Student: 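Structure in structure tokens, see below.
Keep in mind that what you see is a predicted model, and the values were worked out from it rather than measured. Here, residue 1 is the first one in the sequence, and each next residue gets the next number.
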Amino acid sequence: MKPSRASQGTALVTGGAKRIGQAIAIALAGAGYDIAIHYNSSRPEAQETAALITRQGVRCEIFPCDLQRETAVRALIRQVQTRFPDLNVLINSASLFRPSGLSSADLPSFHGHFSVNLIAPYLLSCEFARLCKTGHIINLLDTDIVKYRTSHFPYLLSKKALAEFTQMAAVALAPKIRVNGICPGLILPPADRSEKYLNKRALGIPLKRRGDPRQIAKAALYLLESEFLTGQFIFNDGGEHLI
Ligand SMILES: NC(=O)c1ccc[n+]([C@@H]2O[C@H](COP(=O)([O-])OP(=O)(O)OC[C@H]3O[C@@H](n4cnc5c(N)ncnc54)[C@H](OP(=O)(O)O)[C@@H]3O)[C@@H](O)[C@H]2O)c1
């Protein structure tokens, strides 16, 4: 274990047990933040990530919460702040991503996507502002927020709404809290898609290659360090949003 050092504060990373959320949690730990990892179903992965982070010489604890349960979401920031009174960063990375077109009028899917991808970040941001007073919120968006793809209709609609929320919250919570967004492109395949599928799609974007979760984490660190940025989106997508 590395020796402990002065903390930069504490970052709560939702969906931080694995994939992009995990990469962000590890990178922030490397920058000296104590880490609160939120998870839902991935308890073993959350425990493994916490062990990895603790070895970096910062504190790390894990917090379960189903982001579709409003009461539990409302309680999460308080629970984290009780353990980490210097909570000053909220990363909204947890997300639901399921195929569902418009014609199916799939209301449960609509509610599910909006609960996890918009209402939870909204409630967490409100509680963060109320209890923590100062700090930084980063919302994980999607390169497709500037497009009109319809195969994941409720998902994309919820991310477009989260993008609008990011900018409105940047105004509403200034000057004490900055609110920014990261728009990943082709980083990791979803559960129903292969690596091969993603590699093939990557040939069609300007940089002709996939990204990496560590590049998303770097963007998060850049936003945290850039004290004059608020209401900003970083498209970390190899130029995909341009075509
Ligand atoms: N992967 C990409 O290439 C890509 C591309 C564009 C945008 N993004 C965005 O970047 C962010 C991270 O991407 P990712 O691929 O790492 O995300 P992901 O694997 O699809 O989801 C991250 C986590 O969200 C959590 N989650 C889902 N439903 C939940 C619920 N009801 N309550 C609480 N947590 C819930 C899950 O936690 P548990 O496992 O603990 O249940 C899951 O591990 C997301 O916001 C995503 O939309 C990613």
Side-chain angles (χ1 to χ4, degrees), residues 9-17 19-25 27-28 33 35-40 63 65 67-68 73-74 76-77 80 87-97 112-132 134-147 152 154-174 176-185 187-188 211 213 215-227 229-237 240-241:
T10 296
L12 165 61
V13 184
T14 71
R19 291 168 59 89
I20 291 174
Q22 182 199 44
I24 295 173
L28 267 57
Y33 287 90
I35 304 292
I37 292 178
H38 153 269
Y39 68 97
N40 184 35
F63 297 84
C65 178
L67 296 179
Q68 296 205 43
V73 177
R74 284 186 186 278
L76 182 61
I77 296 287
V80 173
L87 178 64
N88 60 351
V89 173
L90 167 63
I91 311 274
N92 286 307
S93 182
S95 163
L96 195 60
F97 178 75
H113 283 91
F114 271 72
S115 296
V116 177
N117 300 354
L118 179 67
I119 296 173
Y122 164 78
L123 289 174
L124 292 174
S125 300
C126 295
E127 281 300 280
F128 181 85
R130 191 172 70 82
L131 296 172
C132 304
T134 61
H136 192 181
I137 298 170
I138 298 176
N139 294 322
L140 273 289
L141 307 169
D142 191 301
T143 184
D144 279 353
I145 58 166
V146 291
K147 298 191 181 151
H152 294 70
Y155 165 80
L156 187 53
L157 195 58
S158 69
K159 288 289 185 178
K160 282 173 179 275
L162 183 61
E164 286 298 316
F165 170 71
T166 300
Q167 293 186 314
M168 289 183 75
V171 175
L173 300 180
K176 295 275 177 70
I177 294 175
R178 296 188 293 121
V179 189
N180 288 295
I182 300 173
C183 306
I187 307 294
L188 292 173
Q215 289 156 352
I216 305 300
K218 269 192 197 169
L221 284 174
Y222 172 76
L223 288 170
L224 290 178
E225 286 165 5
S226 304
E227 288 170 10
L229 290 190
T230 196
Q232 193 62 247
F233 303 149
I234 295 183
F235 284 83
N236 207 307
D237 66 348
E240 190 179 353
H241 68 287

Student: Could you pull out all residues at least two apart from Val13 that satisfy side chain to side chain contact (heavy atoms under 4.5 Å, CB included)?
Tutor: Ala25, Ile91
Student: For atom NZ of Lys160, is the number of surrounding heavy atoms from other residues, nucleotides or ligands below 6.0 Å larger than 12?
Tutor: yes
Student: For Asn139 and Val179, which heavy atoms make the closest approach, and how far apart are they?
Tutor: ND2-CG1, 4.0 Å
Student: Okay, side chain of Asp142, backbone of Leu156: is any donor-acceptor separation there less than 3.5 Å?
Tutor: no
Student: Considering all heavy atoms of both residues, which atom of Ala94 and which atom of Leu67 are nearest to each other, and what is their separation?
Tutor: CB-CD1, 3.5 Å
Student: Which distance, rounded to the nearest 0.5 Å, do you find between the CG of Asn88 and the CG of Leu224?
Tutor: 8.5 Å
Student: Could you tell me whether a side-chain N or O of His38 sits under 3.5 Å from a main-chain N or O of Cys65, the two making a donor and an acceptor?
Tutor: yes
Student: List in chain and number order the residues that pass side chain to side chain contact (heavy atoms under 4.5 Å, CB included) with Leu96, two or more places apart in sequence or in another chain; answer none if no residue qualifies.
Tutor: Gln68, Arg98, His113, Val116, Asn117
Student: Could you tell me which non-hydrogen atom of Pro213 sits nearest to which non-hydrogen atom of Arg19, and how far apart they are?
Tutor: CB-O, 4.4 Å
Student: Nearest 0.5 Å, what's the CG-CG distance between Leu131 and Leu87?
Tutor: 9.0 Å
Student: Would you please name every residue forming a ring-ring contact (aromatic ring centres under 6.0 Å, His included) with Phe128, sequence neighbours left out?
Tutor: none
Student: Which atom pair, heavy atoms only, marks the closest approach of Ile37 to Gly16?
Tutor: CG2-C, 3.6 Å
Student: Quick check: do Asn92 and Ser125 have side-chain heavy atoms less than 4.5 Å from each other?
Tutor: yes
Student: What's the separation between atom CD1 in Ile145 and atom CG in Leu162, rounded to the nearest 0.5 Å?
Tutor: 8.5 Å
Student: Could you work out, with ring-ring contact (aromatic ring centres under 6.0 Å, His included) as the rule, every residue matching Phe233, not counting sequence neighbours?
Tutor: none
Student: Who are the side-chain hydrogen bond (donor to acceptor under 3.5 Å, both in side chains) partners of Glu127, not counting sequence neighbours?
Tutor: Arg130
Student: Look up atom OG in Ser95 and atom CG in Leu140, then write down how far apart they are to the nearest 0.5 Å.
Tutor: 8.5 Å
Student: Identify the heavy atoms of Thr166 and Gly181 that sit nearest to each other, and give their distance.
Tutor: CG2-N, 3.9 Å
Student: Which heavy atom of Val89 sits nearest to which heavy atom of Leu28, and what is that distance?
Tutor: CG1-CD2, 4.3 Å
Student: Applying side-chain hydrogen bond (donor to acceptor under 3.5 Å, both in side chains), can you list everything that pairs with Thr10, at least two apart in sequence or on another chain?
Tutor: Asp86
Student: Can you list everything that forms a side-chain hydrogen bond (donor to acceptor under 3.5 Å, both in side chains) with Asp144? Sequence neighbours excluded, please.
Tutor: Arg149
Student: How are the rings of Phe97 and Tyr155 set relative to one another: parallel (under 30°), tilted (30 to 60°) or perpendicular (over 60°)?
Tutor: perpendicular
Student: What's the separation between atom CD1 in Ile216 and atom CG in Leu188, rounded to the nearest 0.5 Å?
Tutor: 9.0 Å
Student: Tell me, please, which residues at least two apart from Phe63 pass ring-ring contact (aromatic ring centres under 6.0 Å, His included).
Tutor: none
Student: Out of curiosity, Leu124 CG to Thr14 OG1, how far, rounded to the nearest 0.5 Å?
Tutor: 7.0 Å
Student: The criterion is side chain to side chain contact (heavy atoms under 4.5 Å, CB included); which residues satisfy it with His241, sequence neighbours excluded?
Tutor: Thr143, Val146, Phe235, Asp237
Student: Under the side chain to side chain contact (heavy atoms under 4.5 Å, CB included) rule, collect the residues that match up with Leu229, sequence neighbours excluded.
Tutor: Arg178, Asn180, Tyr222, Leu223, Ser226, Gln232
